[in-house]
2 protein chains.
Amino acid sequence: MKHSLRMKMNESLFLRDPELSELGKNIIKYSVQLISKQGFESFTFKKLAESIGTTEAGVYRYFENKHRLLVYLISWYWGWLEFQIVFQINNIDDPEKKLQKIITLLSKNIEDDKSTDHVNESLLYQLVISEGSKAYLTNHVKQDNKQHLFKPYKDLCKLIGDIILECNPKYKYSRSLASTIIEMAHLQNFFIQYLPSLTDFAATKSEHDIISFLNHLVFSSIKNAELQQSNKKK
Amino acid sequence: MKHSLRMKMNESLFLRDPELSELGKNIIKYSVQLISKQGFESFTFKKLAESIGTTEAGVYRYFENKHRLLVYLISWYWGWLEFQIVFQINNIDDPEKKLQKIITLLSKNIEDDKSTDHVNESLLYQLVISEGSKAYLTNHVKQDNKQHLFKPYKDLCKLIGDIILECNPKYKYSRSLASTIIEMAHLQNFFIQYLPSLTDFAATKSEHDIISFLNHLVFSSIKNAELQQSNKKK
DNA sequence: CTATTTTTGATAGTTTTACTATCTTTTTAA
DNA sequence: TTAAAAAGATAGTAAAACTATCAAAAATAG
C-alpha cells in the first residue's frame, strides 16, 4: 500500500492553501523547479505563472509575495525532513547512532520521495542549500518569527538538541551545536559545489567527507567534558 | 602618530575606485549605514543617492549594481579583519592561543576603528552578520568566483586553517573547520539577536557564550585524533 | 439538477526598482 | 590655463512587484 505524506503548514504562510488545488500544487512544483535552477533573485511570479500556464494574479491569490512562497517551501522541507528523521531513528536506541543518522540525512542529497507527488525533494534539497538562509536573513525576521514562520526549523533544532543531550546530559551547547550541524551540513555542501577551497573536500567532492567531518566535530565536542569549564577562565 | 589603513580591493568590484574621492567614500559610508539598518533587500541606489545628496547615476558610476557594492563592503570587512587578526596574533607563539584570539575577534562586535575614516566597522560587522552570505548565495557565484571576488574570504579561511594545522598537523578538516568557525561566529550572533531558541544563549545573549561554545567545539575536535579514522567505518 | 458560491482566467493598470543616456557644470591635474 | 575627468541634473526604458476588475468555469449545497 502506498502512503502519502501531508505536512500541515502554518496558515500565515499562504493566502489560499496550495495543497488543496491543482493550481496550488503546480505553484509548489514549478516554483521548486524554477528557484532551484535559476536562483531566488531571478525568480518572479510572472515567470512562474508562465511556466504553469496561469497568470501572475493567479499566483498572488495563493502567496502574498515571493518571500512567503520561499519560506513556505523551506518550511515544508524542514517538516518533511523532521518526519524522515523521526521515521529513520525510530528503532534506534543508541543516541549516538541516532545522531549519526541525522548527520547523514542532513548531508546527503536525497532522492525524490514518491509519497509527495507535487514536490521533488531532490531539487528542494538544492534549493534549501542555496536559499535556505534567505528565509530568515531579512530585515523582517522579527515579525516573521512572531508569526511562527520558523517553527519547523526550530522544532528540528530542538529535536536534534535533545538527542545531543541524550548522548551527554551535561553538554552545555546542545541547541547551538544542533543549529551548527544543520547549517554546516548544507553550507559545506554549497562550498563543495561552488567554493571548494573553503573546504577540505575539493578533491573528492563527496558528501561522505562532510559526514565524516561533522561526525568528528560533533562527537569530539559532545564527549569532551573537561574543557567546558576551563575555557571560560582563559 | 596616527596610522591609516587602506585595503587594496579587487578592481572588478567597482567601476571607479570609491576610496579615491569624497563621493566614493560617501557611497561606502552611507551604504554601510543604510544596509545595516534597513537590510540589503530594501536598499536601493536611489535611497543611497538621496541620503548622500547625489543622484542615482552618480552611484552607478562607481558600482555596476548593488550586489557588487555589497560584495565590495563584505570583502573590505574580510580584508580588514584579516589585518586585525595578523596584527593581534603577531607576538603569540602558541597556535592555540592564536586560534582563541581569532575566535574572539570573529565573535565579538567590534568598535569603530578610527584608522578608517569612512567606514564604521561596528555597523559593518552587523552588516556582515546579516548579509554576509548573500555575497555568495547567488546563481552567479561561479562567475563571481572566477573574477576572484571572494579572495579575501578565502584568504582568511586559509589563514585560520593553517593555524589549525599548527595546532595539530594531522587534523584532516582544517579548511572546513575554519569556514565553520567563521560562519558560526556570525550566525550564532544573528540567532542570539533574532532567533534565540536556535542557540543556548537566549538568557545571557552574550558574545562570551559564543566564544566558549566555539572554543569548546574547535579544540575538542582538533585535539581528538582517534575518531578521525573510525567514523568512516560506521 | 439547478442556484449560489468559489475559484480561475484574462486584461489592465500603478508604483518602484534597476538601470542607461545625454548634456552641462564643476573640479582636477598637466 | 586649458583639456580632461568627475559630478550634477534630467530624462527615459524595461522589468518587477504588486492591485483591481470582470467574466467564465468549476465546485457545492440545497
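Throughout, a chain's letter reflects where its sequence line sits, starting with A, and its residues are numbered from 1. Given the structure is predicted, the values throughout are model-derived calculations rather than measurements.
- The phosphate of D:dA6 (OP1 or OP2) has a side-chain N or O of B:Arg16 nearer than 4.0 angstrom.
- Salt bridge absent: B:Glu19 and B:Lys25 never bring a charged side-chain N and a carboxylate O closer than 4.0 Å.
- Taking 4.5 Å as the limit, some side-chain heavy atom of A:Asp209 sits within range of a side-chain heavy atom of A:Ser206.
- B:Arg61 places its CZ atom 13 Å from the P atom of C:dT22, with the value rounded to the nearest Å.
- For C:dT8, the OP1/OP2 oxygens have a side-chain nitrogen or oxygen of A:Tyr62 closer than 4.0 Å.
- Counting non-hydrogen atoms under 4.0 angstrom, A:Thr44 reaches the backbone sugars and phosphates but no base.
- Ion pair A:Asp17/A:Arg6 flagged as a salt bridge, since at least one NZ, NE, NH1 or NH2 atom sits closer than 4.0 Å to an Asp/Glu carboxylate oxygen.
- Distance B:Leu15 CG to D:dA7 P: 12 Å, rounded to the nearest Å.
- For the residue pair B:Tyr60/B:Asn65, the side-chain donor-acceptor check at 3.5 Å is not satisfied.
- If B:Ala57 and B:Gly24 are placed on DNA chain D by their nearest nucleotide, the residue sitting closer to the 5' end is B:Gly24.
- Atoms CG (B:Leu23) and P (D:dA9) sit 12 Å apart, rounded to a whole Å.
- Remark: P of D:dA17 and CZ of A:Phe45 are 9 Å apart, rounded to the nearest angstrom.
- Nearest nucleotide to the B:Glu56 side chain, out of C:dA18, D:dG8, D:dC18: C:dA18.
- As a whole-Å value, the separation of B:Phe63 CZ from C:dC19 P is 14 Å.
- If you measure from atom CZ of B:Phe43 to atom P of C:dC19, you get 12 Å, rounded to the nearest angstrom.
- The interatomic distance linking A:Leu20 (CG) with D:dA26 (P) rounds to 19 Å, in whole Å.
- Counting to the nearest Å, the C1' atom of C:dT20 and the CG atom of B:Asn65 are 14 Å from each other.
- For the OP1/OP2 pair of C:dG9 and a distance below 4.0 Å, the side-chain nitrogens and oxygens of A:Thr54 include at least one atom meeting the criterion.
- The pair B:Glu50-B:Lys47 does not count as a salt bridge, with every side-chain nitrogen at least 4.0 angstrom from each carboxylate oxygen.
- Between B:Ser21 and the phosphate of D:dA7, there is a side-chain N or O to OP1/OP2 separation shorter than 4.0 Å.
- Dashed line: the shortest gap from a side-chain N or O of B:Lys46 to OP1 or OP2 of C:dT16 is not under 4.0 Å.
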